[in-house]
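Take a look at the structure set out below.
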Amino acid sequence: MGATRQAVVIDGKAIAALVRAEVASAAAEIAAKHGIAPGLAVVRVGEDPASVIYVRGKIKACAEAGIASFERLLPESTTQAQLLAVVNDLNRDARVHGVLVQLPLPRQNSADAIIEALAPEKDVDGFGPRNTYLLSAGRPGLRPCTPWGCLRLLDEAGVKLAGTRALVVGRSNIVGKPMAQLLLERNATVTIAHSRTADLAAEVARADVVIAAVGKAEIIKGSWIKPGAAVIDVGMNRGPDGKLLGDVEFAAAAERAAFITRVPGGVGPMTIAMLLANTIEAARAQLTK
Ligand code: NDP
């Protein structure tokens with residue numbers, strides 16, 4: 001009997017810090033070359049408490065990386081026409097290279113219409129129709145930050161993707177679907193599981209790479225994990241005691257996996273880091289046009 005082998009924990013905080021350092025040096029290079037800092041505008045409508053925290057975090061991260069930030073804080077009562085006018089204004093503003101509209105929006109606003117109105121080259125969340133198409137066509141474009149961050153974690157850990165069986169659990173437009181397309185682009189054989197999947201345990205047991213993006217605490221049991229798999233946990237769930245829990249049963253999964261991320265300290269820190277990286281990419285593309 002061999003001793004239990006523990007997975008290597010992929011350190012999202014450290015990798016996010018690395019990405020942010022790359023962003024800071026790229027921002028300085030852009031400012032020196034073009035005489036303008038890369039700029040990110042963040043639009044928030046209303047006072048959703050989580051959105052207030054997220055937007056604050058994004059603005060702070062910009063300042064630390066040498067990215068100019070432009071905050072547009074609008075009242076809860078903002079009409080769709082008023083919000084569209086703000087987006088159009090930012091689309092035309094040459095100081096702004098990336099625009100992020102913090103979701104969710106109040107009921108009277110249509111997120112789809114707002115996202116469609118964003119200039120594709122400034123769509124740093126990568127949710128708009130042009131960037132969605134570019135991803136599905138396997139062409140360069142701005143990739144959605146969370147799955148883009150998951151891919152970077154796998155790359156930094158040295159996980160080979162080509163030829164592996166990858167399972168994405170969850171099919172949202174912001175995480176699951178783009179994640180599956182990114183893995184496909186990297187030549188994994190990709191399965192997408194969702195709430196109607198007949199036997200999730202069997203799907204997980206076959207997978208060399210598991211990306212969990214469900215939003216249900218510890219729904220993926222450690223005993224399901226294929227020995228030697230790489231496991232990336234996107235889930236952020238509050239446990240009964242208020243503790244933050246992932247979608248994967250961490251301790252048991254870490255006894256079988258070769259690589260695993262923790263919650264917190266895994267995917268979470270990567271999302272903002274990749275938003276900054278996308279802002280650099282957007283600024284470069286616009287300034288060298
Ligand atoms: P959504 O609620 O939009 O999607 C959840 C997905 O999980 C759906 O596709 C749903 O299937 C699927 N699902 C639900 N129940 C099951 C089940 N029993 N078995 C298999 N699949 C199931 O969530 P998001 O994609 O927005 O987010 C997922 C998680 O990731 C959340 O915890 C969220 O907080 C977190 N998150 C973390 C981020 C970060 O930066 N770390 C960023 C974004 C999200 P169906 O389509 O059939 O309903």
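Remember, it's 1-based here, ligands and their atoms both numbered in the order they're listed. Please read these numbers as outputs of a predicted model, since none were measured by experiment.
- Of all the heavy atoms in P38 and A283, the pair that sits closest is CB-CB, 3.8 Å.
- One option in L244, V214, N237 has a heavy atom closer to atom 14 (C) of ligand 1 than any other, and that option is V214.
- Contact atoms of ligand 1 toward G170: 6 (C), 7 (O), 9 (O) (distance under 4.0 Å to a heavy atom of the residue).
- Close contacts of ligand 1 with T146, meaning ligand atoms under 4.0 Å from a residue heavy atom, involve 40 (O), 42 (C).
- Checking side-chain atoms of N88 against main-chain N and O of L84 turns up a donor-acceptor pair under 3.5 Å.
- A 6.0 Å sphere centred on CZ of F70 holds more than 12 heavy atoms belonging to other residues, nucleotides or ligands.
- Look at T197 and you'll find every heavy atom at least 4.0 Å from all atoms of ligand 1.
- Given atom 1 (P) of ligand 1, the protein heavy atom at minimum distance is S172 CB, 4.1 Å.
- How far CG of L167 is from OG1 of T197: 8.0 Å, rounded to the nearest 0.5 Å.
- Of the protein's non-hydrogen atoms, the one nearest atom 29 (C) of ligand 1 is G215 N, 3.7 Å.
- For the pair Q108 and T78, the tightest heavy-atom approach, listed with the atom from each and the gap, is NE2-O, 2.8 Å.
- Atom numbering of ligand 1 starts at 1 in the shown order; those under 4.0 Å from a heavy atom of G268 are 41 (N).
- Interatomic distance, R284 CZ to T279 OG1, rounded to the nearest 0.5 Å: 12.0 Å.
- Distances between N or O atoms of D247 and those of ligand 1 include no value under 3.5 Å.
- Taken to the nearest 0.5 Å, the CD1 atom of I211 stands 11.5 Å off from the CG atom of D247.
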Practice task
Begin with the C-alpha distance, continue with both residues' side-chain angles, and end with the deciding distance and a verdict on salt bridge (charged side-chain N to carboxylate O under 4.0 Å, His left out) for D93 and R95.
Solution key: CA-CA 6 Å; D93 190 333; R95 299 166 304 165; 2.7 Å; yes

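- Distance from atom 17 (C) of ligand 1 to its nearest protein heavy atom, with residue and atom name: I219 CD1, 3.6 Å.
- The residue among P178, P144, G266, S195 with a heavy atom at the shortest distance from atom 47 (O) of ligand 1 is S195.
- Atom 9 (O) of ligand 1 has R171 N, 2.8 Å as its closest protein atom, hydrogens excluded (heavy atom only).
- Looking only at heavy atoms of the protein, atom 26 (O) of ligand 1 is closest to I174 CD1, 3.6 Å.
- Minimum interatomic distance between A65 and L276 (heavy atoms only, all atoms of both residues): CB-CD1, 4.2 Å.
- For G176, no nitrogen or oxygen atom sits less than 3.5 Å from a nitrogen or oxygen atom of ligand 1, counting backbone and side chain alike.
- For R196, no nitrogen or oxygen atom sits less than 3.5 Å from a nitrogen or oxygen atom of ligand 1, counting backbone and side chain alike.
- Nearest protein heavy-atom neighbour of atom 35 (C) of ligand 1: V234 O, 3.4 Å.
- Evaluated by nearest non-hydrogen atom to atom 19 (N) of ligand 1, the leading choice among R238, H194, E203 is H194.
- Closest protein heavy atom to atom 39 (C) of ligand 1: T271 OG1, 3.7 Å.
- At a threshold of 4.5 Å between non-hydrogen side-chain atoms, the residues L100 and K58 count as touching.
- In this comparison of M274, M270, M236, the heavy atom closest to atom 34 (O) of ligand 1 sits on M236.
- By heavy-atom distance, the residue among A213, P147, C145 lying nearest atom 28 (C) of ligand 1 is A213.
- In this structure, G98 and V96 approach most closely via the heavy-atom pair O-CG1, 3.3 Å.
- The shortest contact between atom 43 (C) of ligand 1 and any protein heavy atom is with V175 CG2, 3.8 Å.
- Between the side chain of T261 and the main chain of D233, a donor-acceptor pair closer than 3.5 Å is present.
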